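Below: the structure, in structure tokens.
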Amino acid sequence: SLANLISNVVERISRAYNLKDVVLGGGVFANKLLLDKTKERLVSSGYNLIFNKKVPVNDLSICLGQVYIASKTR
């Protein structure tokens, strides 16, 4: 259910802003099942996923995602 909710929110936002890159971060994605299901849904819908491999899955990765988005909007 959470993976569906996340996918639905991503689709609504991406349509509004014409985005195809999605950053998944935060402690919620420490749950491997949730991460795998969310990745599966988003990749099958054509999104480019960015998620941490070398950074802990907590608030630090959210900050990194915000920096990434900021760098793309300037």
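Computed from a predicted model, the values in this text were never measured in an experiment.
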Within a strict 4.5 Å, meaning less than it, do heavy atoms of the Ile6 and Phe29 side chains meet?
-> yes

Val9 meets the side-chain contact (heavy atoms from CB on, under 4.5 Å) criterion, sequence neighbours left out, with Leu5, Ile13

List for me each residue that meets side chain to side chain donor-acceptor pair (under 3.5 Å) alongside Lys72, sequence neighbours excluded, and say none if there are none.
-> none

Just jot down the side chain to side chain donor-acceptor pair (under 3.5 Å) partners of Asp36, sequence neighbours excluded, or say none.
-> Lys32

Only pairs under 3.5 Å count here: list side-chain donor-acceptor contacts from residues 41-51, not counting sequence neighbours, and write none if there are none.
residue : atom : partner : partner atom : Å
Arg41   : NE   : Asn4    : OD1          : 2.5
Arg41   : NH1  : Lys37   : O            : 3.4
Arg41   : NH2  : Asn4    : OD1          : 3.4
Ser44   : OG   : Glu40   : O            : 3.2
Ser44   : OG   : Arg41   : O            : 2.9
Ser45   : OG   : Arg41   : O            : 3.1
Tyr47   : OH   : Ser14   : OG           : 2.6
Asn48   : ND2  : Asp21   : OD1          : 3.0

Scan for salt bridge (charged side-chain N to carboxylate O under 4.0 Å, His left out) pairs involving residues 6-20, sequence neighbours excluded, and state none if there are none.
-> Glu11-Arg15

Verify, without hydrogens or angle tests, whether Thr38 (side chain) and Leu35 (backbone) share a donor-acceptor contact under 3.5 angstrom.
-> no

With the 4.5 Å side-chain cut-off for hydrophobic clustering, are Val10 and Ile69 part of the same group?
-> no

Check Leu34 against Asn31 and note the closest heavy-atom contact, atom names and distance.
-> N-OD1, 2.9 Å

